[in-house]
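Computed from a predicted model, the values in this text were never measured in an experiment. Letters go in sequence order (proteins before strands), and every chain restarts at 1. Just so it is clear, the values below take in all heavy atoms, side chains as well, and ignore hydrogens, waters and symmetry mates.
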There are 2 protein chains.
Amino acid sequence: MQKEMADNVDIPEIIVPVLKALADPNRLRIFAALLRGTSCSGWLTEELGLPANLLSHHLRVLREVGLVQDRRDSVDGRWIYYQVDVVVLALIHQWLSTFLDPDRAALQPRLCGPEVAAKGSNNPAANFVWETTTI
Amino acid sequence: MQKEMADNVDIPEIIVPVLKALADPNRLRIFAALLRGTSCSGWLTEELGLPANLLSHHLRVLREVGLVQDRRDSVDGRWIYYQVDVVVLALIHQWLSTFLDPDRAALQPRLCGPEVAAKGSNNPAANFVWETTTI
DNA sequence: ATATTATTTCAACGACCATTGAATCATTGT
DNA sequence: ACAATGATTCAATGGTCGTTGAAATAATAT
């Protein structure tokens, strides 16, 4: 028996803002760094070679979409630590993993256009071979 | 024995453009529609309620980043069909799945900041409990 | 040839956004 | 109080991007 799959996935509100937040080279690098462990912004500045104010800006974007949390140092309040919010991460991971699953992608032509209208034993749409991408 | 995991993932060139392409509500809806099956733009216009020229614009963006392929109808060349490129999709899916894997996220504090410098039997950084996000 | 259909291109507007330098805030040390 | 440190905010700039309406292609039908 064939495995059942829902072909119509709805898109939660959080997804687009999160994708926007990650769709920037610097922010993606910052997020990647935070995935390697909680860190303070001074360390990130040095590690990523970004000006402190720019880093602060990007960290705020990541924080505002819920991907990152922050807290002050308990012994020296001038330092702030940043950490990935694993709950949000897990949510995003799960949704994207389902949404982008190649096995879910239906490649059958929709009932749409003259090719499909003129279907029969030799439907041209069914026989068409798409170019394969070379990576 | 503990499962080994690379904590330093490099970011392929394609990732940011692809995230940018998907980080738009209309394009994400278009892509979601294409994941349900190959379609012509007339059908998408009607289904998604977007003006034809706007749809064309977004389809071009998706095509330029390699997410989508197009071809003309073999019996009526005025019609164009759009389809998700499963090879690119699989690549993106695999990378994002690894990158955003919550199990990969290291929550240990980096060697960074006064808390960690003053570590010992009662390291405050190790005992700190981050807020849990309610979804 | 002319008209019609499906789709794309063009120009232009407004909004948003990443980056920069200077100023400000918050906290700790002297 | 004052200086020093970690980090944020502010204002300004230049560029990018989504959207719109009109014009232009491309292909078929009459």
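Between Val61(A) and Arg78(A), the residue anchored closer to the 5' end of DNA chain C is Val61(A), taking for each the nucleotide with the nearest heavy atom.
OP1 or OP2 of dA7(D) has not a single side-chain nitrogen or oxygen of Ser56(A) nearer than 4.0 Å.
Under 3.5 Å, the side chain of Asn53(B) and the base of dG21(D) form at least one donor-acceptor pair of N or O atoms.
Spacing between atom CG of Asn26(B) and atom P of dC17(D) amounts to 16 Å, rounded to whole angstrom units. Atom CG of Asp73(B) is separated from atom P of dT5(C) by 17 Å (rounded to the nearest Å). Following rounding to the nearest Å, His57(A) (NE2) and dA18(C) (P) show an atom-to-atom distance of 5 Å. Between the CG atom of Leu55(B) and the C1' atom of dT7(C) there is a distance of 10 Å, rounded to whole Å. Between Arg71(B) atom CZ and dA27(D) atom P there is a gap of 15 Å when expressed in whole angstrom units. One atom, CG of Leu50(B), and another, C1' of dG18(D), lie 11 Å apart when rounded to the nearest Å. With rounding to whole Å, Arg60(A) atom CZ is found 13 Å from dA18(C) atom C1'. His58(B) has its NE2 atom 15 Å from the P atom of dT9(C), to the nearest Å.
The aromatic ring centres of Phe128(B) and Trp130(B) sit less than 6.0 Å apart.
Between atom NZ of residue Lys20(A) and atom CG of residue Leu19(B) there is a gap of 12.5 Å, rounded to the nearest 0.5 Å.
Nearest nucleotide to the Arg27(A) side chain, out of dT28(D), dA18(C), dA7(D): dA18(C). You'll find that the side chain of Cys40(A) is closest to dA7(D), out of dA7(D), dT7(C), dT19(D). When distances run from any side-chain atom of Leu54(A) to the nucleotides dT9(D), dT20(C), dT7(C), the shortest one goes to dT20(C). Set against dC17(D), dT8(D), dT20(C), the side chain of Lys20(B) has dC17(D) as its closest nucleotide. In this structure, the nucleotide among dT7(C), dG18(D), dA7(D) sitting nearest to the side chain of Tyr82(A) is dA7(D). Ranking dT8(D), dT20(C), dG6(D) by closeness to the Trp79(A) side chain, first place goes to dG6(D).
Taking a cutoff of 4.0 Å between a charged side-chain nitrogen and a carboxylate oxygen, Arg36(B) and Glu47(B) qualify as a salt bridge. Between Arg78(B) and Asp73(B), none of the side-chain N atoms (NZ, or NE/NH1/NH2) sits under 4.0 Å from a carboxylate O, so this pair counts as no salt bridge.
Side chains of Trp95(A) and Pro12(A) form a contact here, defined as non-hydrogen atoms less than 4.5 Å apart.
Within the nucleic acid shown, Tyr81(B) has no heavy atom closer than 4.0 Å to any nucleic acid atom.
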